[in-house]
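For reference, the structure is listed below as structure tokens.
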Amino acid sequence: MQRLLSEYASLFARTKDEFLRERFADIRDVVMRLSTHVSQVLKPESTTLTGPLIVVTDELLPSQAVTLGNVDVRGIVTQTGSQTSHAAIIARSRGIPAVCGLRGVLKHVKTGDTVVVDGREGVVLVNPPPETLSAYRKLEREFFHLRDQLATNRDQPAVTRDGVPLELLANINNVADAKAACAMGATGIGLFRTEYLYLTHPTVPDENEQFEAYRDIIAASPGHSVTIRTLDIGGDKTVPYLGHTHQEANPFLGWRSIRLSFEHPEFFMVQLRAVLRAAACAKEMGGEVRLMVPMVTVVEEIQKVRRMVRKATQSLEREGKPHASVPLGMMLEVPAAAVSIRSMLRAVDFVSIGSNDLIQYLMAADRDNAKVSHLCQPLAPAVLRVLYRSEEHTSEFQSHLNLVCRLLLEKKK
């Protein structure tokens, strides 16, 4: 398979059509998936890889990043992508330092090399001298010490120096992340990315599989309170069994997220039913489930989701299955929705700012493109102005303050 992949790589490299060259990523993804199933190389029970590892690769797909917990990976280096790509976000959520967009790194590293990955400064060192390696080991020890110190105050209330209370919520992909959020003092789950349940499943998960996954997440989460985001597939996250690939000129602006869910109302209804059933479990545990819709562009989309939620509720009532109502919210990540926030707020119960996508759309800069990702600055005046204008129409000042604090901390790093 690798020989076939090399042949296709050579073939696509010779074409002058930029669109066709980009399609090679689809072929590479298919070959890698086939190789995984045929040879079982990536399965933890059959892998021969041992000890702490640094993964150095051309790109890391989100479906691969989500399985990193099966191997002792200490760092990730990729030739493509950026620090805000979904794969990098997942790596950070697992506590794995990552440096993305380091062109040509594969020419300078081989299996067996000693590699230092400094995710804070975006520095990668191959076979550093002993004194440099010693210095970085000291930095590593200091980092772990600081992390342990921060964990000691996890039971204290989150309050600013001037007395403004903050709500510390976690973004998660699975049960392990939910347990980690509890351990670090989070008060709830602000975003459960359900797409990783699909990315790691060979077919569309049925209603019971989804219900059980959501129930387990709720049971493991702080306060048993979880905001569940509906399927957010698209851009750099694809599931071939839904007929979704990268075969679009602009996948981040195309058939993705809620648009894809509307195209497949049957499986979307399955997800809604599973969420409503899980909400009943959360209520029994003393918590709450909130439902959040990604990539909302116009208010009619929220209205359509509400109709589908009512339909799902009615079907569960007819079948006598336990369920509970859920607040319905949206991710504010499309500029069109941001500038028409007044009408949006009349249709939803809450709003969550999807800063990564909102920023890349505002700045017209693909955050996965290393050549332009420097434009995706969270503190750019245009970004802050849009957030400020949105804030004028909502009383959710605390959520805005949380976002600004997080962005300032990220900028400081």
Side-chain angles (χ1 to χ4, degrees), residues 66 169-179 181-182 186-233 239 241-242 257-258 260-296 301-331 347-350 352:
V66 78
L169 303 177
N171 294 350
I172 67 169
N173 303 309
N174 50 37
V175 171
D177 292 347
K179 292 179 179 178
C182 277
T187 56
I189 303 302
L191 170 61
F192 170 39
R193 305 181 181 97
T194 60
E195 54 270 18
Y196 293 101
L197 177 61
Y198 290 74
L199 286 169
T200 57
H201 204 277
T203 60
V204 177
D206 64 31
E207 182 178 320
N208 283 332
E209 287 175 314
Q210 293 190 51
F211 164 67
E212 291 170 2
Y214 302 157
R215 181 195 58 196
D216 292 345
I217 287 287
I218 293 165
S221 296
H224 308 301
S225 296
V226 181
T227 297
I228 298 178
R229 184 175 67 185
T230 61
L231 185 63
D232 189 18
I233 289 293
V239 282
Y241 57 75
L242 289 179
S257 305
I258 192 58
L260 184 145
S261 295
F262 286 153
E263 188 76 14
H264 295 279
E266 297 84 5
F267 92 74
F268 188 37
M269 186 61 66
V270 167
Q271 182 172 39
L272 293 178
R273 284 169 54 93
V275 170
L276 294 174
R277 290 174 59 190
C281 296
K283 192 173 182 179
E284 291 178 356
M285 298 176 192
E288 180 189 42
V289 164
R290 304 199 302 175
L291 182 67
M292 184 163 62
V293 184
M295 195 72 178
V296 172
E301 291 172 330
I302 286 293
Q303 294 168 345
K304 185 173 182 178
V305 173
R306 281 202 180 276
R307 290 194 297 269
M308 297 185 73
V309 170
R310 284 197 296 269
K311 185 177 179 180
T313 301
Q314 292 167 358
S315 67
L316 290 170
E317 288 175 349
R318 287 194 301 268
E319 297 169 17
K321 292 184 176 180
H323 63 282
S325 60
V326 294
L328 179 62
M330 60 171 281
M331 290 203 76
V348 298
D349 300 309
F350 66 95
S352 179

(Q) Can you give me the closest heavy-atom contact between F192 and N173, atom names plus distance? (A) CE1-O, 3.4 Å

Can I get a per-line list of side-chain donor-acceptor pairs under 3.5 Å for residues 322-330, giving both atom names and the distance, sequence neighbours left out?
unit_1	atom_1	unit_2	atom_2	d
H323	ND1	K321	O	2.9

Q | Straight-line distance of S352 OG to N171 CG, nearest 0.5 Å | A | 7.5 Å

Q) Which pairs with one or both residues in residues 211-223 pass salt bridge (Lys or Arg N to Asp or Glu O under 4.0 Å), sequence neighbours excluded? A) none

Q) Is a donor on one side and an acceptor on the other found under 3.5 Å between the side chain of T194 and the backbone of R229? A) yes

Q | Heavy-atom side-chain proximity of L260 to F268 below 4.5 angstrom | A | no

Q) Quick one: salt bridge (Lys or Arg N to Asp or Glu O under 4.0 Å) pairs with a partner in residues 266-276, sequence neighbours left out? A) E207-R273, R273-E319

Q | Nearest heavy atoms of A274 and F211, plus distance in Å | A | CB-N, 3.8 Å

Q: List for me each residue that meets side chain to side chain donor-acceptor pair (under 3.5 Å) alongside E209, sequence neighbours excluded, and say none if there are none.
A: H201

Q: For A181, enumerate each residue passing the side-chain contact (heavy atoms from CB on, under 4.5 Å) test, keeping only those at least two apart in sequence or located in another chain.
A: A170, A186, I189, P222

Q.
Restricting to side-chain contact (heavy atoms from CB on, under 4.5 Å), what partner residues turn up for A347, sequence neighbours left out?
A. V299, I302

Q: Could you tell me which residues satisfy side chain to side chain donor-acceptor pair (under 3.5 Å) with N208, sequence neighbours excluded, listed by chain and number?
A: R277

Q | Residue list, side chain to side chain donor-acceptor pair (under 3.5 Å) with S261, at least two apart or on another chain | A | none

Q) Measuring from L291:CG to L276:CG, what's the distance to the nearest 0.5 Å? A) 7.5 Å

Q) In chain order, what residues pass the side chain to side chain donor-acceptor pair (under 3.5 Å) check against S257, with sequence neighbours excluded? A) D232

Q: Taking the side chain as every heavy atom from C-beta outward, state whether E301 and V293 have any atom pair closer than 4.5 Å.
A: no

Q) Quick one: does Q271's side chain have a donor or acceptor within less than 3.5 Å of a partner on L231's backbone? A) yes

Q) Looking at side-chain heavy atoms only, is the closest gap between V226 and Y214 below 4.5 Å? A) no

Q) How far does OG of S225 sit from CE of M285, to the nearest 0.5 angstrom? A) 11.0 Å

Q) With distance as the sole test, does Q210 use its side chain to make a donor-acceptor pair with the main-chain N or O of P205 at under 3.5 Å? A) yes

Q.
Tell me the closest heavy-atom pair linking L169 and G190, and the distance in Å.
A. CB-N, 3.7 Å

**Q.** Reported CD1-to-CD distance for the pair I218 and E288, which is rounded to 0.5 angstrom
**A.** 10.5 Å

Q | salt bridge (charged side-chain N to carboxylate O under 4.0 Å, His left out) against R310, all qualifying residues, sequence neighbours excluded | A | none

Q) Are K311 and R307 side-chain neighbours, meaning at least one heavy-atom pair lies under 4.5 Å? A) no

Q. To the nearest 0.5 Å, how far apart are CG in L191 and CD1 in I172?
A. 8.5 Å

Q | Nearest-0.5 Å distance, OG1 of residue T230 to CD of residue E195 | A | 9.0 Å

